[in-house]
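Below is one structure; the comments refer to it alone.
Proteins get letters first, then strands, A, B, ... in listed order; numbering begins at 1 in each.
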Amino acid sequence: MIDFQPVKILYALFSIFIIFNIGLLIQGIVRKIGARVGKRYGIRFYQPYIDLIKNYSLRTSITHGIMFYLGPVFRLTGGLGVFLFIPIIFGSVYFQNFSFSGDIILVLYFIFFGALGMALGAGEGGHPYSAIGVSRGLAQVTAAEIPLVIAIMGIAIQYQTFSVSEIVAAQQGGIANWTMITNPLLTILGMVAYLGSMMRSPFDVVLAPQEIPIGPPTEYHSTFLGILQTNRSIFPMAKTVLFVNIFFGGATNWFILIIKIFLIYMWSVFVAVVFPRFRVDQSIRWFYKYALPLGAVVIFITTLLF
Amino acid sequence: MDKKDLKKRTVTTPDGKKIEVDPMKDYFSQAKPKIHKPGKTVFEKFLDWARAESLWILGFGTGCGAIEMRPLMTPRFDAFRYGIQWRPTPRQSNVFVIAGYLSVKTLKRVIRSYEQMQGPKYVVALGSCTINGGMYWDSYNTINRLDYYLPVDIYIAGCMPRPESLLAGFEELKKLIKQGKGEGANIYAEKFDWYKNNQKQIIKDWDMPDYNW
Amino acid sequence: MKELIKRLEQNFQISNIVWQRENEVFLTVEKTDAVPLITQLNHYESFTHLVIMTAVDWLEAGKFQLTYLLNNNEIKADIGIRVLLDREKAEMKSIHHLWVTAATYQRELHEMFGIDFPGSPRVDEPFILEGWQEIPPYRRDFDTKKYSEKTYFPRPGRSTNDPQEYMKKKLYPEESE
């Protein structure tokens, strides 16, 4: 952080803008694909944009208190925080964001930060469904966090660094150098953790409209909901970029990055269309029963090998 | 909440003080809705377009006509391609489809839900029951004219209208919104006293605040 | 089935036995006999299912008729038990101790006809009508059309046709004139 240049802020804002659009488009396209699989025509691929504009343009909104305001802001901070501290394009001067030598630890904090902020906000909303949704959400995110942390520890052991840039640099020079090939078990563990944090079936009981009406954001509307939607396009993309960086060799230009983002995102979509929804106790048990032992084995093997 | 919890009473606080509690005044906001004048700019036109193309319906089946909304989600009719989606909570929805007859008991819940929606909001009245009572016109418990209680943007006649006519109705609603005529929330705020008077004439045990924020 | 009725007749005063089908019969019993009869049917004759419990308003006779329809799934038979109550002071013993669901029926009957069932759970609470101030609406002396016109702001310009006259005019125009 010694060579901080103010112009970096502009680059970071620009990359946020790009990733925000990618997120919205992927949301729309994935829903379109889902509809086509179900033999429906499906929404227009730009529908998420319209919904977002509509939500920001509602004339009235009511508040339940200070934390109700801050909840969505914290959530968006979590999403942006993840994104701002990981390098986007390897070797590019412009799209390094604010990565530094210990960024992966900070990113882990930011992944959890949004959920906590949302819990405070939804709690002040006062709706019983929000409270149920948030308690479910926190329990599930905590359970899914364990394999994620183990996977990142494994990465740190393998590459002997906490810097995403160095991890990406170590994977350059062809597909054979990617973590996916050099340490496949670790990648599997990471992808399992990825499923748990994507809010898609089978781990979508928190937000599922049929379970408890919509979960934590039950009371959120107009601009508040708009901020949450903005976050829902940025946060999954930021996580996906992180996974591209640490498991799939990073990207040297935007085109490769978008292809990789799309493919990794589709992994969660494929799992979602195949597997039905877990109840929250089932999903937590699943993470402790299968992901945690897998994590222990992976850490052991990684320590032995590297 | 039990009904007796809403009555005015004295309660003893944990430190021994006695205070008067009037839940209808203390727990709920009694403020009336405000009129939000729409802008006249081109930007407002753009926003109206966005509002028209993203209709979020409240998933509240108020009468028998709710059965006609279900096919709209299926592959055959697929309302999602017109930007119509269902939301499970009134806070996030803009369109209230009154599906068929309304009994007085349901009307109470409908008013509560409608007032919790955020403006601009639209009411689609489905079926002839909402127009003049339909086949329940002389019933002791169903209302005859919906427009006395809520500002209706568009009526879809029929008993019951098919899903196709619902889709046509939504297209008409979109046209109205794009012309800037979907100002139901403002009309409700303007004629608030008249609407409230009508509602209270029907709902005899009024046990909620005048405006449910 | 016939033997069953004979057995019941020994213990209870049963009048007006109407055989609807071979396995469906309606009996009329005295008000005091009804609950013991239903209890015996439920406990000893396997009529374990309360199909419906409803009332009819015989305005001219000044009576309410309660009908309990019970079903026996073993021999596939139904028995309807009719009880005539005085219209002025309509009151009946509750059977919610036999079937929990009966409490809901009784709550509805209390609201719609004004028949009282002392001791039935939540029988005084409003069921469908909240804050009803008129006489119970299912009583035949309640004029629902007048009430609707008075209360619900009818839309003017509504015309009604008598279906029989209308179809006659439409199908056979020469006959109707």
Side-chain angles (χ1 to χ4, degrees), chain A residues 24 27-28 31-65 68 72 122 125-130 133 207-226 228-229, chain B residues 1 27 29 31 33-39 43-56 58-60 72-95 115-121 174 177 182-183 185-186 188-189 211-213:
Chain A
L24 280 178
Q27 263 182 33
R31 284 188 65 184
K32 185 91 176 169
I33 293 172
R36 284 294 170 89
V37 171
K39 302 222 168 151
R40 286 190 291 117
Y41 188 78
I43 61 165
R44 293 162 292 198
F45 72 92
Y46 53 91
Q47 185 73 39
Y49 282 95
I50 309 178
D51 290 345
L52 201 63
I53 295 168
K54 192 226 28 200
N55 273 327
Y56 277 122
S57 72
L58 285 186
R59 293 199 194 115
T60 59
S61 67
I62 58 160
T63 173
H64 296 276
F68 189 77
H127 201 283
Y129 290 146
S130 311
L207 277 176
Q210 296 92 340
E211 291 287 335
I212 35 170
I214 214 95
T218 306
E219 276 290 305
Y220 280 107
H221 50 268
S222 49
T223 319
F224 302 116
L225 190 65
L228 289 178
Q229 277 182 313
Chain B
M1 193 185 268
Y27 297 174
S29 162
K34 287 196 195 90
I35 300 169
H36 296 263
K37 277 270 165 259
F43 186 60
E44 185 74 17
K45 280 253 168 209
F46 169 68
L47 293 185
D48 272 340
W49 170 81
R51 284 169 194 144
E53 293 300 326
S54 160
L55 297 175
W56 286 9
L58 176 61
F60 178 12
L72 287 184
M73 302 181 202
T74 59
R76 178 159 177 196
F77 297 104
D78 189 24
F80 294 102
R81 66 196 146 132
Y82 300 113
I84 296 164
Q85 295 172 60
W86 279 263
R87 301 303 283 188
T89 148
R91 290 278 187 231
Q92 298 176 2
S93 30
N94 316 100
V95 184
E115 289 173 353
Q116 283 177 24
M117 284 158 60
Q118 301 302 317
K121 48 194 172 184
K174 280 183 184 181
I177 298 171
E183 296 296 335
N186 283 340
Y188 193 69
Y211 192 80
N212 300 282
W213 282 96

Chi angles and distances behind the side-chain contact (heavy atoms from CB on, under 4.5 Å) call for Trp56(B), Asn55(A): CA-CA 10 Å; Trp56(B) 286 9; Asn55(A) 273 327; 3.4 Å; yes

Carefully, step by step, assess His221(A) and Thr89(B) under the rule side-chain contact (heavy atoms from CB on, under 4.5 Å). CA-CA 10 Å; His221(A) 50 268; Thr89(B) 148; over 6 Å; no

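With a 4.5 angstrom heavy-atom cutoff, Arg76(B) does not touch chain A via any of its atoms. Gln116(B) does not touch chain A: none of its heavy atoms, backbone or side chain, sits under 4.5 Å away. Ile62(A) touches chain B through backbone and side chain together, each having a heavy atom under 4.5 Å away. Proximity to chain A is limited to the backbone of Tyr82(B), based on heavy atoms less than 4.5 angstrom apart. Residue contact with chain A, scored on non-hydrogen atoms closer than 4.5 Å, is absent for Ser93(B). With a threshold of 4.5 angstrom between heavy atoms, Pro90(B) does not approach chain A through any atom at all.
In terms of heavy-atom proximity, Gly38(A) sits nearest to Pro75(B) at O-CG, 3.6 Å. Nearest heavy atom pair, residue Ile53(A) against residue Phe46(B), reads CD1-CZ, 3.6 Å.
No donor-acceptor pair under 3.5 Å is formed between the side chain of Asp78(B) and the backbone N or O of Arg40(A). Remark: the backbone N or O of Glu53(B) is paired with a side-chain donor or acceptor of Gln47(A) at under 3.5 angstrom.
Interatomic distance, CZ of Arg81(B) versus NZ of Lys32(A), reported as 10.0 Å (0.5 Å rounding). Between the CD atom in Gln92(B) and the OG atom in Ser222(A) there is a gap of 10.0 Å [rounded to 0.5 Å].
Within a 6.0 Å radius of CZ in Phe45(A), other residues, nucleotides and ligands contribute 12 heavy atoms or fewer.
A search for ring pair (Phe, Tyr, Trp, His ring centres under 6.0 Å) contacts involving Phe60(B) returns Phe96(B), not counting sequence neighbours. Partners of Phe68(A) by ring pair (Phe, Tyr, Trp, His ring centres under 6.0 Å), not counting sequence neighbours, listed by chain and number: His64(A), Tyr220(A), Phe224(A).
Contact annotation: the side chain of Lys121(B) never approaches that of Leu58(A) to less than 4.5 Å [non-hydrogen atoms, C-beta and beyond]. No side-chain heavy atom of Arg91(B) sits under 4.5 Å from any side-chain heavy atom of Pro217(A).
Defined by atom type and a distance below 3.5 Å, a donor-acceptor pair is present between the side-chain atoms of Asp51(A) and Gln85(B). Side-chain contact of Gln118(B) with Thr60(A): a donor-acceptor pair under 3.5 Å is present, judged by distance alone.
A cation-pi arrangement is not found for Lys54(A) relative to Trp49(B), the charged atom failing to lie both closer than 6.0 Å to the ring centre and inside a 45° cone about the ring normal.
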